[in-house]
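Below is one structure, written out as structure tokens; the observations come after it.
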Amino acid sequence: PATAAGLAAMRLLATTLMHRLPRARRHLQHFLDASGTSVTINLTQLLRDDPGVRALAFRTMAAQLQRGQTAGRLAAPQVMFKNTDWRWATGSLVLHWRQVGDQIQLHCCDRYHFQRHTGRISSPVHRLAVWLESQGAAAAFDMVGRAVVSVEAVHSEATPVVQYKRLYL
């Protein structure tokens, strides 16, 4: 009974609050379907749609390239997302990259899950999602994606800004 009510509340959230956020709604529904199977995200589209993530990724990669690195990783925390649909669909992401000739190959494999203690207004939703998962009524899953960008694009879009050390892994 409690599990059914919790699922009903989360599904209501998906259909009402997320009605204009198709990716976020799809990911929450996949979580509630409890299959745990991976979901492929279009990382190329994310970089197009979200200027915050794109700027962070390109600035970080440009700085690492200037230091002579040909591969690396970077964290895109939820606060860096400017596109609400992508922010709610993915939470935060860790991106891995490597230079291959004049291109940079990016990939991500991150977990869609909820944390019990967020300290945000959404904490009750997070606690409910964690509880549903503990009851087997929902399941976290991996989000995987790939993209290719040119080294030239990374350098041309990377503008110097204050770097926040806590954002880098």
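- Sorted by first then second residue, the salt bridge (charged side-chain N to carboxylate O under 4.0 Å, His left out) pairs that include residues 94-110, not counting sequence neighbours, number zero.
- Applying the ring pair (Phe, Tyr, Trp, His ring centres under 6.0 Å) criterion to His107, with sequence neighbours excluded, gives His96.
- The side chain to side chain donor-acceptor pair (under 3.5 Å) search around Arg146 returns none, not counting sequence neighbours.
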* Give the C-alpha distance, both sets of side-chain angles, the deciding distance and a yes or no for side-chain contact (heavy atoms from CB on, under 4.5 Å) between Val125 and Met10. => CA-CA 8 Å; Val125 172; Met10 291 295 279; 4.0 Å; yes

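- The side-chain heavy atoms of Trp97 and Val149, taken from C-beta on, include no pair separated by under 4.5 Å.
- Residue pairs that meet the side-chain hydrogen bond (donor to acceptor under 3.5 Å, both in side chains) test with at least one member in residues 3-18, sequence neighbours left out, do not exist here.
- With values rounded to the nearest 0.5 angstrom, Cys109 atom SG is found 11.5 Å from Leu95 atom CG.
- For Val130, the side-chain contact (heavy atoms from CB on, under 4.5 Å) criterion is met by Phe114, Arg116, not counting sequence neighbours.
- Note that the SG atom of Cys108 and the CZ atom of Arg73 stand 12.5 Å from one another [nearest 0.5 Å].
- Heavy atoms only, all atoms of each residue included: Arg20 and Arg25 are closest at N-NH1, 4.3 Å.
- Residues Leu28 and Ala14 share a closest heavy-atom pair of CD2-CB, 3.8 Å.
- Taking both residues in full, the closest heavy atoms of Ala57 and Leu47 are given as CB-CD2, 4.5 Å, listed atom of the first, atom of the second, then distance.
- In this structure, the side-chain contact (heavy atoms from CB on, under 4.5 Å) partners of Thr70, at least two apart in sequence or on a different chain, are Gln99.
- Following chains of ILVMFWY side-chain contacts shorter than 4.5 Å, one cannot reach Leu43 starting from Val100, and the two form parts of different hydrophobic clusters.
- Between His155 and Leu65, some side-chain heavy-atom pair lies under the 4.5 Å cut-off.
- Counting only heavy atoms from C-beta outward, the side chains of Leu46 and Phe81 approach each other to under 4.5 Å.
- Heavy-atom minimum distance, Thr44 versus Val148: OG1-N, 4.4 Å.
- Qualifying side chain to side chain donor-acceptor pair (under 3.5 Å) partners for Gln29, counting only residues two or more places apart in sequence or in other chains: none.
- Identified under the salt bridge (charged side-chain N to carboxylate O under 4.0 Å, His left out) test for residues 83-94, with sequence neighbours left out: Arg23-Asp85.
- The shortest side-chain heavy-atom distance between Trp88 and Leu17 falls under the 4.5 Å cut-off.
- Ala75 approaches Leu56 most closely through the heavy-atom pair O-CD2, 3.2 Å.
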* Test side-chain contact (heavy atoms from CB on, under 4.5 Å) on Met61 and Val151 and set out the steps. => CA-CA 9 Å; Met61 290 186 294; Val151 172; over 6 Å; no

* To do: Check step by step if side-chain contact (heavy atoms from CB on, under 4.5 Å) holds for Trp86 and Ile41.
  => CA-CA 10 Å; Trp86 279 111; Ile41 61 171; 4.2 Å; yes

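- Between Ala153 and Ser150, the shortest heavy-atom distance links the atoms N-OG, 2.9 Å.
- Listed by chain and number, the residues in a side chain to side chain donor-acceptor pair (under 3.5 Å) with Thr40 amount to none (sequence neighbours excluded).
- From Leu106, atom CG reaches atom CZ of Phe58 across 7.5 Å, with rounding to the nearest 0.5 Å.
- The distance from the CG atom of Leu7 to the CG atom of Leu132 is 5.0 Å, given to the nearest 0.5 Å.
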Under 3.5 Å donor-acceptor pairs involving side-chain atoms of residues 133-145, not counting sequence neighbours:
from, atom 1, to, atom 2, distance (Å)
Glu133, OE2, Ala140, N, 3.1
Ser134, OG, Trp131, O, 2.7
Asp142, OD1, Arg111, NH1, 3.2

